[in-house]
Number of protein chains: 2
Amino acid sequence: MTTKIQRTQRRVGALSKQRIVEAAIEILDADGESALTFRALAARLATGSGAIYWHVADKHELFAAATDHLIARVTSKAARGAEPRQAIRALAVGVFDAIDAHPWVGGQLSRDPWQYAVLRILEGVGEHIQALGVPEHAQFNAATALLSFILGLAGQYAAGARLFARATDRTAFLGAVAAQWAQLDPAQHPFVRQVAKQLPGHDDREQFLAGIDLILVGIETVR
Amino acid sequence: MTTKIQRTQRRVGALSKQRIVEAAIEILDADGESALTFRALAARLATGSGAIYWHVADKHELFAAATDHLIARVTSKAARGAEPRQAIRALAVGVFDAIDAHPWVGGQLSRDPWQYAVLRILEGVGEHIQALGVPEHAQFNAATALLSFILGLAGQYAAGARLFARATDRTAFLGAVAAQWAQLDPAQHPFVRQVAKQLPGHDDREQFLAGIDLILVGIETVR
DNA sequence: ACCTGAACACCGTTCAAGT
DNA sequence: ACCTGAACACCGTTCAAGT
């Protein structure tokens with residue numbers, strides 16, 4: 001009877017890669033990148049840390065699987081048959097929102113650009129680039145330009161979240177950075193001092209989309 | 001006398017932040033990001049690992065200082081008074097070459113976009129954006145678009161170098177990735193399969209500059 | 001086949017003790 | 001003021017032993 005009560009604390013089903021990945025995502029969402037350790041994961045799954053290695057090769061694969069789980073949702077939801085320009089914007093916003101909701105995804109995307117999740121994004125971007133009528137010889141450069149921009153922002157966003165764990169601190173964080181920028185030597189950093197004013201109030205998503213649009217204009221002009 | 005011989009093995013001058021950063025760069029260049037530990041650094045400087053902390057706050061500051069040391073050379077060398085479009089290209093190529101010569105710089109730039117080295121790049125890009133005649137309200141978005149693209153590529157480049165430590169393996173690495181891409185499901189990944197052919201033979205620097213040019217065209221068109 | 005958890009080989013960082 | 005190096009509190013990963 002008392003053993004029955006203890007049972008409640010133990011995992012019900014068998015371990016699987018999917019259950020491990022889901023638990024990893026829960027830890028990452030709750031406490032950030034640094035909280036995901038094999039010990040913490042094993043504790044949450046009520047198992048030994050070695051058991052995880054039966055289902056997942058190493059931490060790299062674990063991170064990649066967690067990222068792919070969320071990015072796959074974005075790329076598969078992408079509107080088929082939509083106007084290519086809008087489709088690219090929608091895909092980009094989808095990735096942005098995934099990073100916004102799970103900042104560690106941004107860190108993982110920029111840290112390992114050769115993982116499958118990034119390939120999904122490149123494929124989505126590329127297909128719409130083709131639909132845009134960009135000649136074949138220019139498609140690779142056009143798609144990777146968009147991809148690099150997305151990965152660059154992903155890294156920036158994740159770094160911000162890493163510095164201030166709570167999402168509510170984002171404004172305060174940007175305010176502190178802006179204050180630092182405003183104190184820089186005017187002779188050496190005129191531009192950064194000027195944009196410091198816009199930093200705390202700016203909308204990340206708007207700025208992201210503005211960048212996507214700039215690149216799209218470039219692609220369409222060159223085409 | 002025998003003690004005199006032992007003296008040869010010991011450091012000659014006093015420790016300083018500059019000497020520590022130089023030693024760190026040597027380790028990073030020789031054996032990559034993972035080789036830089038406080039123990040390895042202390043051994044190279046013939047001191048205790050704790051001594052380093054007297055001059056450097058932590059590993060984060062050490063990495064940032066090493067990166068800034070190399071990026072400062074690029075941004076200060078930037079041609080003053082040149083045509084803004086060419087100046088931006090020159091600055092971007094300078095950053096690319098620094099990453100190409102020291103792939104760990106790419107990793108560090110993308111990992112911590114709030115470090116001073118990144119601010120240097122943003123300042124350089126921004127000043128040329130101003131010179132380009134972009135209206136003030138559009139300057140911030142234009143400069144960060146270029147910056148995000150640069151940081152995105154920095155991360156990609158560093159990840160490639162991390163996977164294959166020897167620079168000579170780069171072609172082989174890209175060939176292996178291309179072979180993987182070619183085996184993907186044609187129905188799901190038509191675009192990636194198509195560009196796989198261009199991957200092993202493509203010139204990283206050309207592709208980088210093509211991306212910069214696309215964004216510049218976008219900026220000039222919107223202006 | 002799958003799980004357990006101690007053990008191994010590392011880390012970054014601290015700090016009492018030296019000079 | 002600056003340096004030493006053992007000690008601390010962690011890691012990811014392995015592996016003999018269990019079921």
Side-chain angles (χ1 to χ4, degrees), chain A residues 3 6-7 9-25 27-28 30-67 104 107-108 111-112 115 159 162-163 165, chain B residues 3 6-25 27-28 30-67 104 107-108 111-112 115 162-163 165:
Chain A
T3 53
Q6 286 181 340
R7 279 253 160 184
Q9 300 277 17
R10 308 177 69 102
R11 71 199 152 72
V12 201
L15 223 49
S16 68
K17 182 165 174 177
Q18 190 188 319
R19 287 197 61 228
I20 292 169
V21 169
E22 280 164 8
I25 291 174
I27 292 173
L28 287 163
D31 299 307
E33 295 179 46
S34 61
L36 182 63
T37 68
F38 277 81
R39 282 167 180 80
L41 194 53
R44 177 175 279 259
L45 293 163
T47 184
S49 60
I52 297 164
Y53 284 89
W54 185 265
H55 302 276
V56 171
D58 52 22
K59 193 164 185 182
H60 184 265
E61 188 190 315
L62 178 62
F63 252 118
T67 303
W104 55 269
Q108 172 62 18
R111 199 177 308 120
D112 178 13
Q115 67 190 304
R162 219 178 292 128
L163 289 173
Chain B
T3 53
Q6 287 180 340
R7 280 252 161 184
T8 317
Q9 300 277 18
R10 307 178 70 104
R11 70 201 153 72
V12 203
L15 223 47
S16 69
K17 182 165 175 179
Q18 189 186 320
R19 287 197 63 226
I20 291 168
V21 169
E22 280 165 9
I25 291 174
I27 291 173
L28 288 164
D31 299 307
E33 295 179 47
S34 62
L36 183 62
T37 68
F38 278 80
R39 282 166 179 80
L41 194 53
R44 177 176 278 259
L45 292 164
T47 184
S49 60
I52 297 165
Y53 284 90
W54 185 264
H55 301 276
V56 172
D58 52 22
K59 194 166 186 181
H60 183 264
E61 188 190 316
L62 179 61
F63 252 119
T67 303
W104 54 270
Q108 173 63 17
R111 199 177 308 121
D112 178 14
Q115 67 191 302
R162 219 178 292 127
L163 290 172

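Just so it is clear, the values below take in all heavy atoms, side chains as well, and ignore hydrogens, waters and symmetry mates. Order of the sequence lines sets the chain letters (A, B, ...), proteins ahead of strands, with each chain counted from 1.
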Output yes when a side-chain donor or acceptor of Q115(B) lies under 3.5 Å from a complementary backbone atom of Q108(B), and no otherwise.
-> yes
Given Watson-Crick and G-U pairs under 3.5 Å, DNA chain C in dot-bracket ([ ] crossing, | other strand) is ||.|||||...|||||.||
Under the side chain to side chain contact (heavy atoms under 4.5 Å, CB included) test, which residues partner A35(A), sequence neighbours left out?
-> I27(A), D31(A)
Could you pull out the closest heavy-atom pair between A24(B) and L62(B), with the gap in Å?
-> CB-CD1, 4.0 Å
Who pairs with K59(A) by salt bridge (Lys or Arg N to Asp or Glu O under 4.0 Å), at least two apart in sequence or on another chain?
-> none
Are the side chain of R162(A) and the backbone N or O of R111(B) linked by a donor-acceptor pair below 3.5 Å?
-> yes
Taking only residues two or more places apart in sequence, or in another chain, which ones meet E22(A) in a salt bridge (Lys or Arg N to Asp or Glu O under 4.0 Å)?
-> none
Between K17(B) (NZ) and dA1(D) (P), how many Å, whole number?
-> 19 Å
Distance-minimising heavy-atom pair for A66(A) and V21(A) | CA-CG1, 3.7 Å
Nearest-angstrom distance from the residue atom CD1 of I52(A) to P of dG5(C) = 13 Å
Hey, could you give me each pair passing ring pair (Phe, Tyr, Trp, His ring centres under 6.0 Å) that has a residue in residues 30-61 of chain A? Not counting sequence neighbours.
-> F38(A)-Y53(A)
In residues 35-44 of chain A, which ones come under 4.0 Å of DNA chain D, going by heavy atoms?
-> L36(A), T37(A), F38(A), R39(A)
What is the distance from NZ of K59(B) to P of dC10(D), rounded to the nearest Å?
-> 19 Å
Among dT13(D), dC3(D), dC3(C), find the nucleotide with the atom closest to the side chain of A14(B).
-> dC3(D)
Rounded to the Å, how far apart are I20(B) CD1 and dC2(D) P?
-> 12 Å
Between dG12(C) (C1') and E33(B) (CD): distance, integer Å | 16 Å
Using atom CH2 of W54(B) as one end and atom C1' of dA1(D) as the other, report the distance to the nearest whole Å.
-> 6 Å
List in chain and number order the residues that pass side chain to side chain contact (heavy atoms under 4.5 Å, CB included) with S16(A), two or more places apart in sequence or in another chain; answer none if no residue qualifies.
-> Q18(A), R19(A)
Sorted by chain and number, sequence neighbours left out, salt bridge (Lys or Arg N to Asp or Glu O under 4.0 Å) with R39(B) holds for none
Any T67(B) side-chain heavy atom under 4.5 Å of D112(B) side chain | no
Do nucleotides 14-19 of chain D as a string where each nucleotide becomes B, S or -: B if the base has a protein heavy atom under 4.0 Å, S if just the sugar-phosphate does, - if no protein is that close.
-> BB----
side-chain N/O H55(A) vs dC3(C) OP1/OP2, d < 4.0 Å | yes
